[in-house]
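Structure first, then comments.
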2 protein chains.
Amino acid sequence: MTDTDSSPTLERKRGSGVKMVYDLLRDEILDLELAPGSPIDEVQLAERFKMSRTPIREALVRLAGEGLIDTLPNRSTMVASIDFLNMHTFFDALVLMYRVTTRLAAQNHRPEDLPIIRGFHEDYAAAIKSGDALAMIATNAAFHAAIAEAGRNPYFTSLFRRLLDEGRRILRLYYQSYEEQFPQRFVDEHAEIIAAITARDLEAADRLGKAHAEQIVQQVQKLFARKNQLDIAL
Amino acid sequence: MTDTDSSPTLERKRGSGVKMVYDLLRDEILDLELAPGSPIDEVQLAERFKMSRTPIREALVRLAGEGLIDTLPNRSTMVASIDFLNMHTFFDALVLMYRVTTRLAAQNHRPEDLPIIRGFHEDYAAAIKSGDALAMIATNAAFHAAIAEAGRNPYFTSLFRRLLDEGRRILRLYYQSYEEQFPQRFVDEHAEIIAAITARDLEAADRLGKAHAEQIVQQVQKLFARKNQLDIAL
DNA sequence: TGTATTTTTCTTGTCGACAAGTAAAATACA
DNA sequence: TGTATTTTACTTGTCGACAAGAAAAATACA
């Protein structure tokens, strides 16, 4: 039974290997299961996934293209480090994309987009209630990604997704050490944003998106400052 | 002499093959030497560059990551087509990035950035004078990319580069059929932008960047409309 | 003991070959 | 002649093996 079901070698469809490796490594990187700077070994991955190095390599090339891993030619490849010194450039880009995607969603959304957005909104509220930090991070990102999709500008959406990914890493960094809650206020702000989008109120969506983004940035900076303080104290 | 110098097979350094293929294909795609939708054959490229399919493949994966080629699994891979229907999303993103990068350059540039920007400005003026459409397109993109670099936000810079690439393709599309000149006005606007950046005048840089971008968008839309008119007439 | 040089080891980059999957061509059939 | 089915041809995806480059280890030398 288990023999035929989970056959040890190959029961994989032809191009699915790379996607599987790509998705899994991506998640492990974003959840900090693979620490920034930690080495990535091709043969090790090949053994782990029971496939040759070729598809592994393809997945790594893709991850490198998105800046999630760094490659030193002829030497090693490792998980991209988090650039604390230039964190402000990240915040700048994040705030602007929150604004733009929310505004565009108010302008371009279609009726069928709203239930999807509301669904993630409820997931987020549930995550807040349960106090599951990882779920908060993930559902918040999904909520805003859905809004961006409704804005229907693939250039903004792809940059925004990249920023949300990077944000997932950064938040994970803090929420693994400190049991901190996202304030309830964020849930209310999400509700306001949905209302502005539904009403097609561009200016309100813009303003709320900006304010919400700045709240989140402040929250992260507060954690950042406190962590530094503790680090110095220890 | 020529035998040892240009030895027919391998005198290539170890990781340089992919880069060469990547750069060359990228240029051919952006200059429309490879038409959108035209097929890309791996073995053909392997023969052309006298290397195995592996490095070719890696270059293609990278190009696919940047959206320059589309891959149909198990079937074919071809040059990405230009999406005329959603051109406005491209223009929206382009205008915003012009604004943001120009503003940030006014804020964050260092003294050593200015000569580089001025250099591309002169190249652009020369291209306008000589009437070389391709050089106009290339030097204009280089000018604004340099400004973006001076703004020192890698997230904006990378999106902006992607947009400038796509713009290079679109402009190339029109300037191959119509011998049109970029107006002299663009040169003057470039000079104003440099002045605003040098003076660290954020608001002026923002305003000029936006106005300049909208000028360019208008220019393209004018060509676009005229082409459609001609297409209908024929 | 400390430094320079050689050797070894380990990782990545490239290759040629084969297998899987798809589209086109050829064949069979009505 | 027109359609369904089989066969062929061609392209991509994967594999195992080998070669090049760089770091680490070992050796030689002062």
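Naming convention: chains lettered A, B, ... in sequence-line order (proteins, then strands); numbering from 1 in each chain.
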### Summary
Per nearest nucleotide of DNA chain C, the residue lying toward the 5' end, A/Ser76 or B/Asn74, is A/Ser76

### Donor + acceptor pair across side chains of A/His88, B/Asn153 (<3.5 Å)
no

### Query
When all nucleic acid strands are considered with a 4.0 Å heavy-atom cut-off, which category describes A/Thr71: base, sugar-phosphate, or nothing?
nothing

### Query
For DNA chain D, whose closest nucleotide is more 5', that of A/Pro73 or that of A/Gly15?
A/Gly15

### Query
Using a cut-off of less than 4.0 Å, is there contact between a side-chain N or O of A/Arg14 and OP1 or OP2 of D/dT14?
no

### Selected nucleotide, minimal atom distance to A/Pro55 side chain, candidates D/dT14, D/dT12, C/dT14
D/dT14

### Query
Given atom CD of A/Glu42 and atom P of C/dT11, what is their separation to the nearest angstrom?
10 Å

### Query
How far apart are the closest heavy atoms of B/His109 and B/Ile197, and which atoms are they?
NE2-O, 3.1 Å

### Task
Could you check whether B/Ile40 gets within reach of a base, just the sugar-phosphate, or nothing at all, counting any heavy atom under 4.0 Å?
sugar-phosphate

### Watson-Crick or G-U counterpart of D/dC29, or none if no pair lies under 3.5 Å
C/dG2

### Query
For the side chain of A/Met51, counting heavy atoms from C-beta on, which of D/dC15, D/dC18, D/dT12 is nearest?
D/dC15

### Task
Round to a whole Å and report the spacing from NZ of A/Lys13 to P of C/dG21.
9 Å

### Query
For C/dG16, which nucleotide in any strand shown is its Watson-Crick or wobble partner with both distances under 3.5 Å?
D/dC15

### Message
Is B/Ser52 close enough to C/dT14 that one of its side-chain N or O atoms is under 4.0 Å from OP1 or OP2 there?
### Response
no

### Query
Is there a Watson-Crick or G-U wobble partner for D/dC10 with both distances under 3.5 Å, and which nucleotide is it?
C/dG21

### Query
Between D/dG21, D/dT14, C/dA23, which nucleotide gets closest to the side-chain atoms of B/Arg75?
C/dA23

